[in-house]
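As structure tokens, the structure follows; a few thoughts come after it.
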Amino acid sequence: MALPKSVELVEVGPRDGLQNEPRSLPAAVKVELIERLTGAGCKVVEAGAFVSPRWVPQMADTAEVLAALKRRPGVRYPVLVPNLKGLERALAAGVEEIAVFGAASETFTQRNINCSIAESLERFRPVCAEARAAGLRVRGYVSCVLGCPYEGEVPLAQVVEVAAALDAMGCAEVSLGDTIGIGTPLKARAMVEAVAAAVPLERLAVHFHDTYGQALANILACLELGVATVDTAVAGLGGCPYAKGASGNVASEDVVYLLNGLGIETGIDLERLAAAGAFICRALDRPPSSKVALALAGRAA
Ligand code: HMG
Ligand code: MG
């Protein structure tokens with residue numbers, strides 16, 4: 001086992017989580033969630049998305065959120081950007097990091113961003129170039145790395161091709177997304193190994209949804225390969241509006257508990273993280289899907 005000494009968690013709850021909630025929350029609630037997360041020690045918090053407000057109304061107020069946010073030094077606040085219009089909006093909001101998001105499945109790409117894989121890569125090229133010229137860090141996502149909600153099996157070669165294309169555009173990191181949470185550990189590991197032959201492992205992140213309850217097992221399998229960047233969402237919020245049936249991201253609390261148990265540093269205070277999760281669950285009027293959050297709440301009661 002070559003477990004990393006420390007792991008960087010990319011907290012995607014305020015974006016991947018809230019984009020999927022039927023009701024849009026006030027910007028002030030999103031701001032408080034993000035500030036509670038950074039207060040708990042999160043160093044990377046995805047703060048929103050400059051996508052079409054017609055496609056994802058829940059993210060329409062991202063500029064307002066960023067304007068109200070007290071940005072902490074040393075913390076990164078990436079936002080999703082699908083095209084040059086999104087980049088323009090991101091630059092106007094003073095962001096320092098964006099994420100472009102592609103997929104390894106044609107049908108998912110069409111449903112999610114209304115173009116083919118090839119067109120999406122052509123679209124991202126100038127976005128990455130302009131963003132980097134403006135001094136921004138760029139993250140790249142590949143969705144459907146272990147299966148697609150419309151096509152089922154996705155050939156590994158397609159995952160590698162899209163990840164390599166994003167890397168070649170200058171993405172500082174490529175996040176591999178099991179969008180519908182169907183992966184199991186050996187498949188997850190084989191997928192990461194295949195991508196790592198084209199993109200250096202230290203530039204790879206993993207992004208698991210927990211639909212079938214396999215996310216923690218998948219993460220452990222990838223940590224054993226040396227992956228040291230993991231996307232998570234507080235309280236297990238999330239899903240994707242274009243992947244029906246996909247449940248939330250793996251819960252940040254559960255991953256921090258796992259990493260604490262393995263002696264791997266995250267810099268995150270578990271109790272304060274769980275309190276941030278409790279805050280957003282109260283606002284959404286639903287319980288957390290994090291087992292660790294439920295256990296901590298039970299202990300406190
Ligand atoms: P389109 O309709 O093909 O775009 O959508 P268009 O270029 O033809 O423009 C149509 C209209 O949208 C125009 O306005 C544009 O100005 C406007 P109109 O002239 O009709 O008034 N528009 C925009 N407005 C604001 N911001 C923009 C923007 N772009 C165009 N950036 C588009 C194409 C990509 C815009 C659309 O499909 C879209 O926004 N999709 C986003 C979908 C999304 O956010 N999905 C969820 C995130 S992905 C995910 O969750 C997976 C992930 O978590 C990893 C994993 O789990 O695998 C990342
Ligand atoms: Mg996701």
Side-chain angles (χ1 to χ4, degrees), residues 10-21 46-63 78-93 95 98-105 108-117 119-124 126-127 130-131 138-150 154 159 162-163 166 171 173-183 188 191 204-211 215 218 229-234 236-252:
V10 176
E11 169 59 53
V12 298
R15 192 280 305 172
D16 205 350
L18 299 184
Q19 77 180 10
N20 207 43
E21 289 297 329
E46 211 168 57
F50 287 109
V51 297
S52 160
R54 261 196 301 120
W55 284 62
V56 185
Q58 295 91 332
M59 293 290 113
D61 61 356
T62 294
V79 292
L80 294 198
V81 160
N83 52 18
L84 284 168
K85 169 143 194 176
L87 177 62
E88 207 179 288
R89 294 174 64 207
L91 288 170
V95 312
I98 61 159
V100 294
F101 51 106
S105 141
F108 183 83
T109 306
Q110 204 70 52
R111 302 280 177 108
N112 194 38
I113 52 174
N114 206 23
C115 63
S116 68
I117 294 177
E119 285 165 344
S120 74
L121 297 175
E122 280 317 304
R123 205 181 266 179
F124 297 152
V127 173
E130 286 193 24
V138 184
R139 175 167 225 253
Y141 277 104
V142 186
S143 286
C144 301
V145 296
L146 293 168
C148 166
Y150 309 103
V154 170
V159 178
V162 176
L166 293 173
C171 288
E173 173 177 298
V174 177
S175 174
L176 301 166
D178 180 13
T179 318
I180 49 173
I182 54 164
M191 181 276 297
L204 296 181
V206 289
H207 178 113
F208 288 105
H209 286 255
D210 202 28
T211 319
N218 293 338
T229 307
V230 179
D231 299 357
T232 66
V234 72
L237 299 176
C240 175
Y242 300 98
K244 280 215 176 337
S247 70
N249 293 84
V250 66
S252 310

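Indexing begins at 1, ligand by ligand and atom by atom, following the structure's order. Not measured: the values here are computed from a predicted model.
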- Pro82 contact mode with ligand 1 (heavy-atom cut-off under 4.0 Å): side chain
- Query: Under a 4.0 Å heavy-atom limit, does Arg15 contact ligand 1 with its side chain, its backbone, both, or neither?
  - Reply: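 Side chain only.
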- Message: Among Thr179, Asp16, Thr229, exactly one meets side chain to side chain donor-acceptor pair (under 3.5 Å) together with His207. Which residue is that?
- Response: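 With His207 as partner, side chain to side chain donor-acceptor pair (under 3.5 Å) holds for just one option, Asp16.
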Near [X], which atoms of ligand 1 are under 4.0 Å from a heavy atom of that residue?
X: Asn114; result: 1 (P), 2 (O), 3 (O)
X: Pro53; result: 24 (N), 25 (C)
X: Leu80; result: 47 (C)
X: Asp16; result: 50 (O), 53 (O)
X: His209; result: 56 (O)
X: Gly86; result: 31 (N)

Among [options], whose heavy atom sits nearest [atom]?
atom: atom 30 (C) of ligand 1; options: Leu87, Asp231, Asn83; answer: Asn83
atom: atom 11 (C) of ligand 1; options: His207, Arg54, Arg123, Arg89; answer: Arg54
atom: atom 54 (C) of ligand 1; options: Ser143, Gly102, Ala233; answer: Ser143
atom: atom 15 (C) of ligand 1; options: Lys85, Glu46, Glu119; answer: Lys85
atom: atom 40 (N) of ligand 1; options: Thr109, Val51, Asn112, Val142; answer: Asn112

- Item | Listed partners of Asp178 passing salt bridge (Lys or Arg N to Asp or Glu O under 4.0 Å), at least two apart |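 Not a single residue meets the salt bridge (Lys or Arg N to Asp or Glu O under 4.0 Å) criterion with Asp178.
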- Message: Using modelled atom types and a 3.5 Å cut-off, is there a donor and acceptor pairing between side-chain atoms of Thr109 and backbone atoms of Ser116?
- Response: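 Flag not set: sc Thr109 to bb Ser116 has no pair under 3.5 Å.
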- Note on the structure: Between Ser252 and Glu11 the two heavy atoms that sit nearest each other are OG-OE1, 2.5 Å
- Assess Ser175 for proximity to ligand 1: is some non-hydrogen atom of it under 4.0 Å away? no
- Query: Is there a heavy atom of Met59 sitting under 4.0 angstrom from any atom of ligand 1?
  - Reply: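 Outside the 4.0 Å threshold, so no.
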- Calculate the angle formed at the Mg ion (ligand 2) by NE2 in His207 and OD2 in Asp16; 10° precision is enough. 90°
- Message: Within the 4.5 Å heavy-atom criterion, are Leu166 and Val138 side-chain neighbours or not?
- Response: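 In short, these two side chains do not touch, never coming nearer than 4.5 Å.
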- Item | Axial cation check for Phe124 ring with Arg139, 6.0 Å and 45° limits |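 Cation-pi check for Arg139 and Phe124: fails.
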